[in-house]
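To keep things clear, I will list the structure first and then write my remarks on it.
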Amino acid sequence: MIPTVAVTGTAPLTGVVAALLSGVGPASVEQLLATSANSPLPPLLVAVPLLVSIATLAVGYRFDRAAWSIAAIGAVLQVAIAGTLAWRVVTAGRVIHVLGGFVPPFGIVLVVDGLSALVALLIAVVTVGVLVYLRQAGPRGLGTTGDVFNMYVFLEITGLAAYALVASGDSGLAAVAALKYLMLGTVGASLFLLGVGYALIATGTLTMADLAVRLAEVGYQSTPVRAAFAFMTVGLGVKIALFPLHTWQPDAYSASPDGVSAFISALVSTVSAYALVRVVYSVFTVEFFAANPLARDLLLYGAALSVIAGSTLAVTQREVKRTLAYSSVSQFGLVAVGFALTNRAGLVGGIIHLLGHAVMKGSLFLAVGIIAIRTDARTIEEYAGLARRVPVASAAFAVLAFAMIGVPPAVGFVGKWYILLGAVEAGEPVVALVVVASTLLTLAYFARLIERMYFSPVTDSTGPAGTVADGGESSAGRDGRESESAVADGGSAGTDAATVDRNAEDTRDTRNDSDVEADTSAGADTDGDAGSAELDPVTDDPSGREVTAGMTAVVVLAAIVAVALGLLATELEALLRPTLEVLLS
Amino acid sequence: MSAVTDLLLTRYNYLAVVVLSGIGMYMMIENRNLVKKVIGMNVFQTAIFLFFITTAYVEGGAPAILESGGGGGGGPYVSPLPQVLILTAIVVGVSLTAVALALIVRIYAEYGTLDEEALREVTGE
C-alpha cells in the first residue's frame, strides 16, 4: 500500500512542477509569437506526468509491483520529452504552444526557453534518479506557463503534491510537519496571488510578456506595481524557504522519508526559485530594480541574511537531516543573492548554483538515507567512524559535501564563484563578504560531519576508522583534515579568490589542478569501492529495508555529476547565453 | 473626519479585505486548535478572493456576454477575468482544505489531540 501512496503522491508533482516551466522574456506578445517555433511538446511535458500518475494509482491498486514500472516508464518518457525540447531550444530557439488556440494575451501560452528547458530536464532526470533509488515512487515534471495566474495554480499543485509526499512518512511527526508546511505554503501562495491581483489591477493582463510591457507603461514607481512586486516576492520567499520565512522547511525535510526529502529538496524549492527568476526578470525586468533601488536592496540583503542565518542554524543542529535542511536555507539565500544582483555574472551564478544545489542536496539526502538504512545513524554523533562501515556512501557523501562547500572544480565552486564575481561587479562589498563567509560556514558544518565519519573512533568499538588505508578515504580525508584544523586557512583562500582577481590567476590555476586530481581520485575510489560494498557486512537494517545496488549507484553517479557539472560550467553558460540576453535586456 | 467617512462609504469592500485577511492570519498564528487554524487559513484565502472579485465590479455593469447577432447588454461590462481566476482559486483552496483536514485526522489518530501546545509536548519539540 505504501508504494502506491508514494507513487500517487509523487506523480502529480511532476506535472505540477512541469507547469512552471514558463519563460517569456520582456518581449511583446506579437514578438514572442513571431519569433518562436510552435510545438505540441510543451503541453505533453505537463500532461504526461499527470496521466502517468493516474495510471500508476489505478494499476497500483491491483498490482503493487506494476506501479513502479509504470512510473519508471513515465519518468523516462519525461526525460525524452524534456531532452527533445532542450535540444530544440538550443538549436532553434524558443518553443511555444498556444493552449486551445486562444491567442495571448487572452489565452494561455506555454513557453520554453533555455532556462525553462534546463529546469525541465533537471526535474525529469532527478525523478528518474529518485525513482531508481526508491523503486517505489514516481515523480517528475516540469512545465511551462507564460501566465502569472497559471503560475499560481501550478505553485499550489506542486505544493499539494509536496504536502502529500511529506505526509507519506511513517511517523505522526510527518503529518504534523506536513500540516505546518501546508499552512505556510498556502499563505505564501496566497500572498503571491495577492501580488498577481495588484498586477492585474495595474495592467489588466496576466500574460508575462504582456505584463512586462504594460507594467513599464504604468510606471515602475506606481504603488500597485510596487505592491505587486512585494507580495509576489514575499510569497515566493515562503515557498523557497528564505530566512525568516523558512520555518516549515527543516521539519518537512527531516520528518519525511529519505527519498522524499531528496526529491523535495532537489525540486520543490528549486522550482519556486525558478518562479522568482521569472517574476523578477521576465515580468518586472531589470528596469524595475533600476527605478526602485530599495526593492532590490531589500531582496539582496534579505537573501544575504538568509545565507548567514541558514548556515549558522545548520551548524547548531544535531540531526544530520536538519543540518542539510538549514543548509538549503542558506544555499537558496545564495541563489537569491545571485538573482538580486541583476547583472550577468550574478544571474549565471544563481542559475548554476540552483541546478548544482538540486543535484548535490538531493543526493546528500539519498546518501543519508543509505547510511540510515545500513547503520541507523541519524545524528552527527552517530556518524562517528561511518567511513569504515559504509565506505561507498560515505565517500559519495564526502565528495558531495566538498562540492557543496565549493571546492573546485565541482559545481558548487562555479556557482559561488560567479555569484561572488557578480557581487564584486555590482560594487556590493558586504554581499561579497557574505558569499565568502557562507563558504566558511558551510565548511564548518560539513567539516564536522566528515571529521566524525573519517577520524572519530567508531562508537561501538569496531576500531578507529582512520587506520583504513583506502584511497577514497585518504584523499577525502586529506581535505577533511585541512578543513577541520585550518578553518582560518580556508577563510583566507576564499578571501583571496574574492579580492585578488587578477594577480592570483596563476596560483588559483595551480590550486585548481591539484584539486581536480584529488577529486578525480576520490571519484575513482568511489567506483572501486562499489564492488566491495556488497561484501561489507551489512548491519541488520532496522526498518526491514535493504540498500540495493541501484541506490548506491544513484548516489555515486550523482557525486560524479556534481563534479562533472562544474567542469561543464562554461558549456552551460553558452547554452544559457541566448536566454540570458533576453532576460537582461 | 470626512475623509474617514468617505473611506468607509466608498472603499468598504477593500476594508473588508484587510479585516478578513487580518482575522485569518491572526487565527492561524494565535489559535491553538489545529482545525481552527485551517479555518483561519480559509478566511485568509477568502479575503484574497474577495479582493479579486471586488476589483472586477463595475457600477451598473452587465455580464460580459454577447448574444449571436450582436444582441446583449452593450457596455459597460463587469470584467469576467478575475471571476474565472477565483473560480479556479476556490477549487485549489478546497483541495488544500481537504488535504489539511486529512492530515489533522491522522494527527488526531496518532496523538489524540488537536491542541498545538499539547502536540508540541507529545512530539517533544
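By convention in this document, chain letters (A, B, ...) are assigned in the order of the sequence lines, proteins followed by strands, and residues within each chain are numbered from 1.
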ring-ring contact (aromatic ring centres under 6.0 Å, His included), that's the test. Do B:Phe52 and A:Tyr198 meet it? Break it down for me. CA-CA 9 Å; B:Phe52 268 78; A:Tyr198 275 107; 9.3 Å; no
Quick one: CE on A:Met183 to CG on B:Leu103, what's the gap to the nearest 0.5 Å? 9.5 Å
Min side-chain heavy-atom separation B:Met25-A:Val187 under 4.5 Å: yes
Smallest separation among heavy atoms of A:Leu182 and B:Val99, with atom names: CD1-CG1, 3.7 Å
Examine whether an atom of A:Leu194 lies under 4.5 Å from a heavy atom of chain B, and if so say whether it belongs to the side chain, the backbone or both; otherwise answer neither. both
Cut-off 4.5 Å, heavy atoms of chain A, and the answer for B:Val38 is both
Give, for atom CD1 of B:Ile86 and atom CG of A:Leu193, the distance between the pair rounded to the nearest 0.5 Å. 5.5 Å
Within a strict 4.5 Å, meaning less than it, do heavy atoms of the A:Phe231 and B:Ile48 side chains meet? no
If you apply the rule side chain to side chain contact (heavy atoms under 4.5 Å, CB included), what do you find for B:Tyr111 with A:Val176, and how did you get there? CA-CA 10 Å; B:Tyr111 297 111; A:Val176 178; 4.0 Å; yes
Around B:Tyr12, counting heavy atoms of other residues, nucleotides and ligands shown, do more than 12 lie under 6.0 Å from its OH? no
Which heavy atom of B:Phe44 sits nearest to which heavy atom of A:Ser190, and what is that distance? CE2-CB, 3.5 Å
Check against side chain to side chain contact (heavy atoms under 4.5 Å, CB included), A:Leu179 and B:Lys37: CA-CA 10 Å; A:Leu179 187 66; B:Lys37 272 179 189 289; over 6 Å; no
Can you tell me which portion of A:Leu200 sits under 4.5 Å from chain B's heavy atoms? Options are side chain, backbone, both or neither. side chain
